[in-house]
Amino acid sequence: MLCLAIVANLCFYGVTTITFDPPSTIMTSATAQIDRATVRLVLSSDNFVDYDPASMARACMSGRCISYHRWCSDGAGAVKCTFTLGDSHYVEPLTISAPDQAAMTEAIRAVGLIEAKHPAAIIPLALLDQQATDEYAAICRSRTYTPTCRAAYGPQ
């Protein structure tokens, strides 16, 4: 995948504009336009969570894997997909909105994830194709700190 622009851990191909929202004390984000679709990425936030790795799907390419939670909804003349990435601790870090499924498919094909430990490895967002059964990824909470949470984040 050839990157026309890189923002945080995202590689954009076919992007027409990128806007960085003014920083605030709560959140900073960027918005990219890919044809008729809009991609919004949270760059920083004061709302952190630890996601339960057991609730995440995995996508792999060339021996590099990423855990993720994908939720898409289609209604009221628009399609919206939210991707929660296992290595991100922000709530709702990546959202794509499009007027129809064709525009959504095109936008998803134009985005790749740059793996932090191996920056040369770009995982196409299109590989993150498993739709979750729940809208939100499970998080590790103090009362329900599961063995997978302990393995990922250590003792509470």
Any side-chain heavy atom of [X] sitting closer than 4.5 Å to one from [Y]?
X: M56; Y: T84; result: yes
X: Q130; Y: Y68; result: yes
X: T82; Y: E135; result: no
X: L113; Y: L10; result: yes

Of all the heavy-atom pairs spanning [X] and [Y], show the shortest one and how long it is.
X: I6; Y: I114; result: CG2-CD1, 3.7 Å
X: A30; Y: D21; result: N-OD2, 4.3 Å
X: R70; Y: D129; result: NH1-CA, 3.4 Å
X: T17; Y: V15; result: O-CG2, 3.4 Å

What distance do [X] atom [atom1] and [Y] atom [atom2] have between them, rounded to the nearest 0.5 Å?
X: Q101; Y: E106; atom1: CD; atom2: CD; result: 12.0 Å
X: D134; Y: W71; atom1: CG; atom2: CH2; result: 7.0 Å
X: S62; Y: I122; atom1: OG; atom2: CD1; result: 11.0 Å
X: C81; Y: L94; atom1: SG; atom2: CG; result: 9.5 Å
X: H69; Y: S55; atom1: NE2; atom2: OG; result: 6.5 Å
X: L125; Y: F83; atom1: CG; atom2: CZ; result: 4.0 Å

Quiz prompt | Shared hydrophobic cluster for V111 and I18 (ILVMFWY, side-chain gaps under 4.5 Å) | solution =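 Hydrophobic grouping puts V111 with I18.
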Exercise. Apply the test side-chain contact (heavy atoms from CB on, under 4.5 Å) to residues I96 and T38: give CA-CA distance (whole Å), side-chain angles for both, the deciding distance (0.1 Å), then the verdict.
Key: CA-CA 6 Å; I96 303 176; T38 302; over 6 Å; no
Quiz prompt | Criterion side-chain contact (heavy atoms from CB on, under 4.5 Å) on L85 and L128, from CA distance to verdict | solution = CA-CA 10 Å; L85 307 175; L128 282 62; 4.0 Å; yes
